[in-house]
Amino acid sequence: MRSVLMVAEKPSLASSLAHILSNGHCSSRKALNGACSVHEWQGNFRQEQVTFKMTSVCGHVMSLDFISKFNNWDRVDPVELFTCTTEKKEATPKLRMNHTLAQEARGCDFLVLWLDCDKEGENICFEVINAVEGFLRRSVTVPDVVWRAHFSAITDKDIKEAMANLGKPNENEARSVDARQELDLRIGCAFTRYQTKFFQGKYGDLDASLISYGPCQTPTLGFCVQRHDEIQTFKPEPYWVLQVVVKTSEGREVSLEWDRVRCFEKEIAQMFLMQAKEFKETFCSKVSVKEKAKQRPQALNTVELMRVASSGLGMGPHHAMQIAERLYTQGYISYPRTETTHYPENFDLIGTLKQQQSSSEWGAEVRELLAKGINKPRKGTDVGDHPPITPMRSASQSELDGDAWRLYDYITRHFIGTLSQDCKYLSTTATFDMGSESFSCTGKTLLDPGYTVVMHWQALGKNETVPNFVEGQIYEVQDARLAECQTSPPDHLTESELITLMEKHGIGTDASIPVHINNICVRNYVSLGSGRRLIPTTLGTVLVHGYQKIDPELVLPTMRSAVEEQLNLIAAGRADFNAVLHHTTEIFKLKFQYFVKNIEGMDNLFEVSFSPIATTGKAHSRCGKCRRYMKYIQTKPSRLHCAHCDETLNLPQNGNIRIYKELRCPLDDFELLSWSAGNKGRSYPFCPYCYNNAPFRDMKKGMGCNSCTHPNCSQGMYSLGVSTCSECDGVMVLDPSSAPKWKLGCNKCDIIVHIFEDAHKITVEEATCDCGAQLVKVEYREDRSRLPKEATESTGCLFCFVDFIPLVEKHRAITRTVSNRAPRGRGGGGGGGRGRSKGKARPPKDKMAQLAAYFV
């Protein structure tokens, strides 16, 4: 029997698809990597009985990066990044996704791809194809082997229709994503590395661990700074408004609006006031009544959803899209990434609407709408990607959490609104004459609320009605006065306004817009103010002004929008991938070289706004070269700076730094320091110079003493290592700085083992246990012993000695983000802290001499 491998983009989506396609009759098991599942059932495919296997990836299988030698910031000139070799690497190596896909593909005859139906999804399609190539029974180049499912909602109808109408993956769209990834990598890394090293080495109070540049991120920041500059340079100007109050026949006082609106000359305004004061009555010269309509909304696309989420629901666009993705995979809404605002001709509007008629929230409105007949939706724009965002099934507030319900509530009400009537009202305007001046009063009278019944926040206000003025009648003037006002500056951009600008200028895509806005927030370029307004920080402002001073095109939206046009041409098959890539890379390479030559222009702005590194921080520990005190700079990123040597040393971030027992490194004479994330977190001593300049070939930059392979240093791994880690290939090393809450910590992952609390002294012995771990000697003071029979000292294996077992407890560290060498993810499952180790922590003594050969 033949078999079909099907791959979705997320584990949750694979589960939903398998349930629909198997009619709920599938078996499930874990995939090889443990993170994904495999769902199996039998059915028909291409008119024959087959076995189906549905599994998934977890987003992108591969990521683009430079080959390893170009990832060293200290040894690579950033200009080389525009031409150096790149390679595809596994996006998350611990998931072993390529190996998992290959194993599941063995013996399969067909591959059906269920990735999200956008350009990124097409790109992942080809990542999956490359992973299974050579493992399917036939080559992926055979026409009937690889298929692509196109769908926009996780419903029985949509999924089964997609299965019945399989197509082919679009290589052009996938290549356009490859081009965007490579351009963003080369351009972003080159500028980011150069300006980060240049400015962090000169200024101590930047409060930013990375001074990044992005082809989309920087123009996004530019919009915010442009508005900020308009506010800062705004000069208020006084003006005067003539205000007249009349009394109606019912005795109600009504303020009239001056047809001239305002006057900027005080003397002239006073002249108009004197004329108005001559009149005790005013004549209603005209009353006009017109029927108007407030149009129902167009169908909902991604950009409008993000705008409303920010301005109306108080959600950031990045957060809103995460929720929308979850609602989509759970089958509540259609695919949330779409530029289209027009329902397809074959879209089942009635069927989708009927699903909502039993809702306790809007069911009555839906039933009334169905009884009267739906209105034809307004014509929008059909971009040809996905249908607009619509609800796919009914939900109640008890099913969804707070933000998920609020977003679903808006999407559903918007959909109902698109099928409702326009809001109709009478607009009444009464005009009054007082000599040569005219005044008016306008109000609205509701005729038919239309779509505002369900989208109630857009309903007419209760105070918008106009008094019953009669044309030709005279009304008493109660008061006439001048009001002095001032022109006011615009407010800072809201997220909603920024999204509109980004869409208008072609900065980013509907998928990447929220990412760029989130980036300028988390990188300390803007802060989020009230009303979700984006207020540029000093760093963000200085960066944009610096780009404008050197090369304005680096921050203008025109460059990126032109690149986006070229990428769209690649996706449409109308432009050559290599030609676009080469041309764009060469342009930015020239701009980078010009930027480097003229960096002083930006540096002048930094000098005004930030303090030189030599005047920042406080005296801390001694330099190993000049023996003078170095200054500890605590702003992000934390650093040590020696003013005498003019040298800056990076430190582990997001933890507490303190001097460690005034000990010195035997290699360079720098005072040792200790880094700690707290009692429940990781900690280790380190030499600040070795941390920045790895002393041995088997060490990397950013390692502490717990990874140092010095053969006889009392703080190194070979003196304090106890056992191999049970969850990775690291070593469990005693942290001598953790007393009296002693602990071992893995020098690679976040496993820690608490041992012998309140012990006076702990020593790692030369002898080893049968399990391979080093023996440990513990000493207690007489009044604090926790050993049996009140013994004050004992020696044994932490994992085997029965007296030690109650005093050993394994944890995962509470990690806020550890040093530069911290692992990207957690280790896999493993044995408990009281289990046996699987090997020795350090080599036999006869190998110690060999380690000296690694000294650089």
Side-chain angles (χ1 to χ4, degrees), residues 8-20 56 58-59 114-118 120-121 151-159 162 297 299-341 343 347-349 351-356 358-363 366 385-418 454-455 495 499 509-515 518:
E9 190 158 323
K10 304 175 187 69
S12 59
L13 184 58
S15 177
S16 299
L17 294 173
H19 182 80
I20 292 171
S56 73
C58 295
W114 291 85
L115 286 307
D116 288 350
C117 297
D118 57 11
E120 293 288 341
F151 57 101
S152 296
I154 316 300
T155 64
D156 284 29
K157 178 185 175 183
D158 284 80
I159 297 307
L300 184 64
N301 68 1
T302 306
V303 170
E304 182 62 19
L305 178 64
M306 290 190 291
R307 272 197 289 253
V308 171
S310 177
S311 62
L313 304 179
M315 298 182 200
H318 190 257
H319 176 57
M321 290 311 298
Q322 288 178 326
I323 294 173
E325 287 279 354
R326 190 166 76 243
L327 290 172
Y328 161 67
T329 57
Q330 293 172 341
Y332 287 105
I333 65 172
S334 63
Y335 191 60
R337 301 194 186 279
T338 176
E339 298 177 38
T340 295
T341 58
Y343 295 115
F347 193 91
D348 187 7
L349 296 171
T352 305
L353 186 61
K354 281 183 176 179
Q355 293 178 341
Q356 303 295 331
S358 60
S359 169
S360 60
E361 300 288 335
W362 44 73
V366 170
D385 51 353
H386 287 277
I389 305 169
T390 55
M392 288 289 102
R393 74 175 199 226
S394 182
S396 64
Q397 195 165 354
S398 60
E399 291 179 54
L400 303 171
D401 60 32
D403 284 348
W405 167 254
R406 292 166 63 218
L407 200 66
Y408 175 83
D409 177 272
Y410 173 75
I411 291 170
T412 306
R413 290 181 183 275
H414 188 107
F415 168 70
I416 299 170
T418 62
V454 67
M455 298 180 72
E495 286 174 329
I499 291 168
T509 64
D510 53 5
S512 65
I513 282 175
V515 176
N518 186 62

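Heads up: numbering here begins at 1 and tracks the sequence.
- Note that the OG1 atom of T338 and the CG atom of N301 stand 6.5 Å from one another [nearest 0.5 Å].
- Side-chain contact between L400 and L407 is absent, with no heavy atoms from C-beta onward closer than 4.5 Å.
- The shortest distance between side-chain heavy atoms of T412 and Q356 falls below 4.5 Å.
- Using a 4.5 Å heavy-atom threshold, the side chains of E339 and H386 count as separate.
- What you find for A8 and L17 is that their closest heavy atoms are CB-CD1, 3.9 Å.
- The side chain to side chain contact (heavy atoms under 4.5 Å, CB included) test applied to E495 returns S310, P317, I517, L528, R532, L534, not counting sequence neighbours.
- Between R326 and D401 there is a salt bridge, since a side-chain N of the basic residue sits under 4.0 Å from a carboxylate O of the acidic one.
- Classification of the W114-F151 ring pair by plane angle, with boundaries at 30° and 60°, yields tilted.
- Under the 3.5 Å distance criterion, with hydrogens and angles disregarded, a donor-acceptor pair is assigned to the side chains of E399 and Y332.
- Summarising the geometry, atom CD1 belonging to I389 is positioned 4.5 Å from atom CG belonging to L305; distances are rounded to the nearest 0.5 Å.
- Contact annotation: the side chain of T390 never approaches that of I411 to less than 4.5 Å [non-hydrogen atoms, C-beta and beyond].
- Here the CD1-CE distance, from I416 to M455, works out to 10.0 Å after rounding to the nearest 0.5 Å.
- Across all their heavy atoms, Q355 and M392 have their closest contact at OE1-O, 2.6 Å.
- Listed by chain and residue number, nothing satisfies the salt bridge (charged side-chain N to carboxylate O under 4.0 Å, His left out) test with E120 (two or more places apart in sequence, or in another chain).
- With sequence neighbours excluded, the residues satisfying ring-ring contact (aromatic ring centres under 6.0 Å, His included) with Y328 are Y335.
- Residues satisfying the side chain to side chain contact (heavy atoms under 4.5 Å, CB included) test with D403, not counting sequence neighbours, are M315, H319, I323, R406.
- Minimum heavy-atom separation, H414 to A299: NE2-C, 4.0 Å.
- Between S15 and S12, the side chains place no donor N or O within less than 3.5 Å of an acceptor N or O (distance only, hydrogens not considered).
- Summarising the geometry, atom CD1 belonging to I499 is positioned 7.0 Å from atom CD1 belonging to I513; distances are rounded to the nearest 0.5 Å.
- With sequence neighbours excluded, no residue satisfies side chain to side chain contact (heavy atoms under 4.5 Å, CB included) with S358.
- To the nearest 0.5 angstrom, I333 atom CD1 is 13.0 Å from T155 atom OG1.
- For the pair S359 and S396, the minimum side-chain heavy-atom distance is 4.5 Å or more.
- From C117, atom SG reaches atom CD of E9 across 9.5 Å, with rounding to the nearest 0.5 Å.
- The salt bridge (charged side-chain N to carboxylate O under 4.0 Å, His left out) check on D409 picks up R413, with sequence neighbours excluded.
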